[in-house]
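What follows is a set of notes on a single structure, which appears directly below.
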Amino acid sequence: MDFGLSEEQELLQRSAREFLTRECPTTFVRELSKEKDGFSRELHRKMAEQGWTGLLIPQGYGGLGLSMLDMALLLEEMGRAVVPGPFMFSSVLVTLALIQGGSAAQKKAWLPRLAAGEIVGTLALLEAADRLDAAGVTLKAKKNRTGYTLTGVKMFVPFAAAADVLLIAARTGGRGEDGISVFLVERDAPGLTCIPLEIFDLTRRVYEVSCNNVTVPSTALIGGEGQGWKLLSRLIDAACVALAADSLGGAQKALEMAVEYTKVRTQFNRPVASFQALKHMAAEMVSEIEPARSLVWYAAYAFDARPREASRAASMAKARLSDVYARTTNRAVQMHGGIGFTWEHDIHLWFKRAKWNEFAFGDATYHRERLAQLDGF
Amino acid sequence: MDFGLSEEQELLQRSAREFLTRECPTTFVRELSKEKDGFSRELHRKMAEQGWTGLLIPQGYGGLGLSMLDMALLLEEMGRAVVPGPFMFSSVLVTLALIQGGSAAQKKAWLPRLAAGEIVGTLALLEAADRLDAAGVTLKAKKNRTGYTLTGVKMFVPFAAAADVLLIAARTGGRGEDGISVFLVERDAPGLTCIPLEIFDLTRRVYEVSCNNVTVPSTALIGGEGQGWKLLSRLIDAACVALAADSLGGAQKALEMAVEYTKVRTQFNRPVASFQALKHMAAEMVSEIEPARSLVWYAAYAFDARPREASRAASMAKARLSDVYARTTNRAVQMHGGIGFTWEHDIHLWFKRAKWNEFAFGDATYHRERLAQLDGF
Amino acid sequence: MNLTYSKEDEEFRKEVRSWLKKNLPKKDKTLSDLPPHDPERVKRAKEWQRKLYEAGYVAMGWPKEYGGQGASVVRQTIVNEEMVLARAPGLIGAMGIQMLGPTLIQFGTEEQKRRYLPKILTAEEIWCQGYSEPGAGSDLASLRTRAELVGDEFIVNGQKVWTSNAQFADWMFCLVRTDPDAPKHRGISYLLIDMKTPGITVRPLIQMTGDAGFNEVFFEDVRVPRANLVGELNQGWLVANNTLFHERNLLGSTTRTQLMMQNLLRLARSRQRYGKPASEDPVIRQKLADLLIRVEAMKYHSYRQLTDAIAGRPPGIAAMVNKLVGTELNHDICSLALELLGSYAPLNRGTPHVVDHGNWAYEFMFTLGLIIGGGTSQIQKNIISERGLGMPKSA
Amino acid sequence: MNLTYSKEDEEFRKEVRSWLKKNLPKKDKTLSDLPPHDPERVKRAKEWQRKLYEAGYVAMGWPKEYGGQGASVVRQTIVNEEMVLARAPGLIGAMGIQMLGPTLIQFGTEEQKRRYLPKILTAEEIWCQGYSEPGAGSDLASLRTRAELVGDEFIVNGQKVWTSNAQFADWMFCLVRTDPDAPKHRGISYLLIDMKTPGITVRPLIQMTGDAGFNEVFFEDVRVPRANLVGELNQGWLVANNTLFHERNLLGSTTRTQLMMQNLLRLARSRQRYGKPASEDPVIRQKLADLLIRVEAMKYHSYRQLTDAIAGRPPGIAAMVNKLVGTELNHDICSLALELLGSYAPLNRGTPHVVDHGNWAYEFMFTLGLIIGGGTSQIQKNIISERGLGMPKSA
């Protein structure tokens, strides 16, 4: 019975926090938010030097071969630092798709480059109907002699413009789950276009991605034809864990900022931190965050170690952290008073990221119902 | 535009409060809770002298012919004083059934006696399935030469043992709403038995009522055969308004008791009312109660004056007050600290009544869905 | 209780409605899509208020001699309701009308009333409010902007913050410290300051929405004639308090909340979630119904207060909850809208595929600002418990 | 992280489980349906603890010389979990085991340890806790029960309140004021009082549930030997504090919460609402799932703390939330159960048609008592914000 972190994991946490404090302060986050793609290839390269982009990748392919729990700890730090960029989509989702669904040749072709930070990937799952189930995938992949032709529109694709490759969920067959296949497509493939969709989260970018007769070779298919949904389900679980971890780190930081502010700020000749109403608000934030931390760690652990529990643990973590992060940042803004509502103060970076995290890959209501189904209520 | 009370209505409120302070203090409520039927015929008679039992009854039948809003104001005071007894079921529900569904002869036979407080009535609607819709009514009424024979079991009938007459919802025909008829049955009719069901609310009694071939004359039928559901729907609306009014008065009183206690009680050498956490708790209670008051008044007004709005207003009031009363009394108990958890202190009388009110005639979830249906979401 | 309006009032409502139909420029309905300080928006908003004024619909309750009509509060309520229903933009001169006007009517000299009131109504002069200061926050009375009386002039130095509309306002009504040695509530005066006076600098404060709704205003040796003092010297707290806690401005805003709720219901009917309209999802229905009930409660709650106002009864504890309940309700409505929008929720105004012009996300943040601004919910709870319930101060 | 137990521990769990299966009298599973002071319940509960002790399952972590086994916290946790799963009654001597025992081990004299500890384990002597006083409430240290040292005896006068089990306890560990002139935390001593001493009166306090779980205890010239002082004179606050804020007793209680949650899910599956099992209603499913998630979070949260305990790390801020979160979660579970029960919710134990023996309504009230007792949620929030977050005291 050991529900704790190893020394290596604690070291990872510490070094990640130091690295991000140095390399990704909020001044940098704000600068990046004005850049076209909201992405710093330089930062990505530096993260690769830390081994982060290859954290999940087996050592044979140039990675560190670590666990989802290690990744969750890292993502917690990234959420804490509101790191912009496609890291989670590239180094967790696309990477996992290759590890778990790719052929030896595909792994060899892509994983070392992902690990080295040479290329960046993203996931194109959603479409206009904004549904997370198999019925949400309608983009057509038509088989031809040498491969497939993709036609259709993907929505809300994170950091598509910054990505070198897109993992696209497409329909190769009938209506059900077994009609879905997954393709790894290069972003500069002819016929593929990205239209930016502006959003309020300053740390994320999403795009409408159109495929207009995009032809790909059959080696672009990850996993067998019609085998895509199983892989995607696994990626959705991973995304839930990743977003929950990001949210946990963000919530913890928002709490700390709010508490710190109330200690410094005085009103009626005393620090506002001495007002019971604010103290209790902070205590309520703690009492939501602390048990949530255990839930996130467990979900990450279960993703690797308890396959039968993985989906329900992921849904539990995503549901809870969607609520907790949104509520925590809302309270944190309020604890700051008027200054918390300004553009100048940083707290809105977390407030907005919390809202994005809340809706991405299913909100709390969605995952509570998913849990009910998995548990057979 | 006048959303206020008339002078007469304010007088009614004041005199009711004075009367109940005098005639129904909590010492009396506690004594009555030990009595067999939980009912004081003497108090009922005194209320009759005040005109309360006949408040809704037209003057021609010995009543005051006042409105549902007047009744709501009175019930608010009764909720405030946690008055035990069948008043609401007798002087609102059974009375309204006769006023709105009774023939001239039935009115003449029953209304003057109800107004005078000579007899007490109650409503037998629910059965074991505990459903408020037409499908919940399965007790059989079989037509015979002179009337009907009733067979079946009613559940949770309030103050059945204290009542002289029971308004029984029965099934005379097929499965739908139009198979339902309503009968006014004397409690000592052969074949009718009452088994007390003990509940935690000290101010209410409920019974299992069995009809074992109870024969009633055809004059017992209120409204036409198969016309019962429309009348019952109206009574359910009335019950919602009545319970909401009772809850409003109770919530207001619980708030006042809690605030009063915190002003007197000292801790750390200051009145606990000076603790911001308790002040804010009290403020939150106020901010729920005050708008709720307007909602209750409106529902009572609409019951008479805006028939097309009556059901939705009743559901809104019941849904909101179910929540607000339960939450308010829960907070009020907490504001009292340990003493609030004792049998000796009165606050649990309200706490428990709030829970009974919450579930009687549909809880908040039920009425929110009903509102959604009425409004055609 | 009688919720029907008199025949005359119903007639009046019809008049207003048809006047609005004829006179509200269609493009003005989206005026609030422009940043608040956009010169085009300011210009059109002034024209709109002028037009309304000429129709007799602005500050109808004010005395006739200052441009009002001594009309009943019912009439003004009808106008406010119809304005919201017609999606007319709010009055650009609201601060002058709601805050300064009543103050001047009660405390101003005859000369001040004649000089300032009419131009408030016509929007010839736009006012901003100079109360808040950095470092004061909820403890308004701890303000430090200094005004020294030298001869016939005050010399003002200091800084205000959270000042809406200061970018284009012509005048500011302002609290300044005129006696630094007196207890904090006793050394404050109420001044009217021409925003064109030398020494005033306005710096916009960008909000988290990206808009510049608020400003910082700096005073450096700003000279203000003594004649611009409202009420007695050092009695400014009393003067300001009178309108500051006048909570009856709820009446228009519940209509706005109702409109927001209608928009939410429309959104729920139109959004598909997993192949069905969101409004058919039982979980969403619960949330919609809960909000609707709270909205309707506030509607009747405002009727109750309107009735009190008509009868001349002072607003009691019922009115103290308006701000707390109203702002949180508006925020909750927007919050559910975002939930319905899912992946579409974070889209900004003007972006492809955005729903309802991105107003839900904008309002979600803006209403959070309202929860914080003008006395946070925390402060509102202090007020309710102390003034409403007589619970003792905490410190 | 590795959530599997060692082979040895898994073996041990099997042993415990089979021992419980064999040895737990079936009728004892419903022991808690009897009032806590019922002589039959007390007798059987003592027998049960004795039996458990003899099997080696009580206070396994205590040093061997006082009847423990110096066993790991994992082992005790396994026993606690299995006890809950087997629906075994809680230990009647819990107060002695959890509160007094650790205190004596740390602060007691060798003589005190040898005299008292073994009989705590065997349930030969049942202890109650005399901390709370009327008028003190959360401000525990303001207690006024006076103990005057006269020769070799303390003369105790005063009153305690909220004393569980005082009706049948043999001993009380008690805080008394021994120096009324010292600052309030410095004049308190920790005494062991024989409940049979003349001058002690116990009066049951009926709770809102109708049960007499608590008592008032009155002291009138009660003579207590000086040898019954634990720790130094006037150092009682220090002695008591050590166990009072030792928050690790969560470990068993999350198992209890999990069991409650399982019962709730079973209830939801079995109750019909409008012709369908309640568990198929999407609105109910949301509420069930939300509770389940919170329950599971507390489960892993307890694993985290168990891990800290094994490693000998001090309980940090994570442990401070246990009481606040746990009690409110239990109450919320009961609250949803009542919702599922509808008209059946208010039925009392023993009444026809009552569901699950009326336990849900009883627990709904009882858990509200837990929210209030042992430091209300308000006090817990003070502790978290002050000790956990370093926010300053309010007064």
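Letters go in sequence order (proteins before strands), and every chain restarts at 1.
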Would you find a donor on one side and an acceptor on the other, under 3.5 Å apart, between the side chain of [X] and the backbone of [Y]?
| X | Y | answer |
| --- | --- | --- |
| B:Tyr298 | C:Ala297 | no |
| C:Arg304 | B:Glu290 | yes |
| C:Gln286 | B:Arg368 | no |
| B:Lys279 | C:Leu389 | no |

Requested in this report: For each of B:Asp375, B:Val286, B:Leu69, tally heavy-atom pairs with chain C at distances under 4.5 Å, and name the one with the top tally.
Outcome: B:Val286

Interface moiety of [X] toward chain C, non-hydrogen atoms closer than 4.5 Å:
| X | value |
| --- | --- |
| B:Ser67 | neither |
| B:Arg306 | side chain |
| B:Lys263 | side chain |
| B:Thr365 | both |
| B:Glu284 | side chain |
| B:Ala305 | neither |

Requested in this report: Give the minimum heavy-atom separation between B:Pro291 and C:His301, together with the two atoms involved.
Outcome: CA-ND1, 3.7 Å

Could you have a look at [options] and say which one has the most heavy-atom pairs with chain B under 4.5 angstrom?
| options | result |
| --- | --- |
| C:Thr4, C:Thr307, C:Val321, C:Leu265 | C:Thr307 |
| C:Asp290, C:Ile310, C:Val74 | C:Asp290 |
| C:Gly388, C:Ala311, C:Ser279 | C:Ser279 |
| C:Leu324, C:Ile284, C:Ile317 | C:Ile317 |

Close side-chain approach of [X] and [Y], heavy atoms under 4.5 Å:
| X | Y | answer |
| --- | --- | --- |
| B:Glu288 | C:Val325 | no |
| B:Arg320 | C:Arg294 | yes |
| B:Arg312 | C:Glu296 | yes |
| B:Phe377 | C:Leu292 | yes |
| C:Asp308 | B:Phe3 | no |
| C:Arg285 | B:Gln373 | yes |

Rounded to the nearest 0.5 Å, what separation is found between the [atom1] atom of [X] and the [atom2] atom of [Y]?
| X | Y | atom1 | atom2 | value |
| --- | --- | --- | --- | --- |
| B:Met281 | C:Ser385 | CE | OG | 12.5 Å |
| C:Lys299 | B:Ser294 | NZ | OG | 12.0 Å |
| B:Ser274 | C:Lys393 | OG | NZ | 12.0 Å |
| B:Ser287 | C:Leu329 | OG | CG | 11.0 Å |
| B:Tyr301 | C:Tyr303 | OH | OH | 10.5 Å |

Go through the atoms of [X] and report whether side chain, backbone, both or neither lie under 4.5 Å from a heavy atom of chain B.
| X | value |
| --- | --- |
| C:Asp9 | neither |
| C:Ala268 | neither |
| C:Leu3 | both |
| C:Leu288 | both |

Query raised in the report: Crowded around B:Tyr261 OH? As in, over 12 foreign heavy atoms under 6.0 Å?
Result: yes

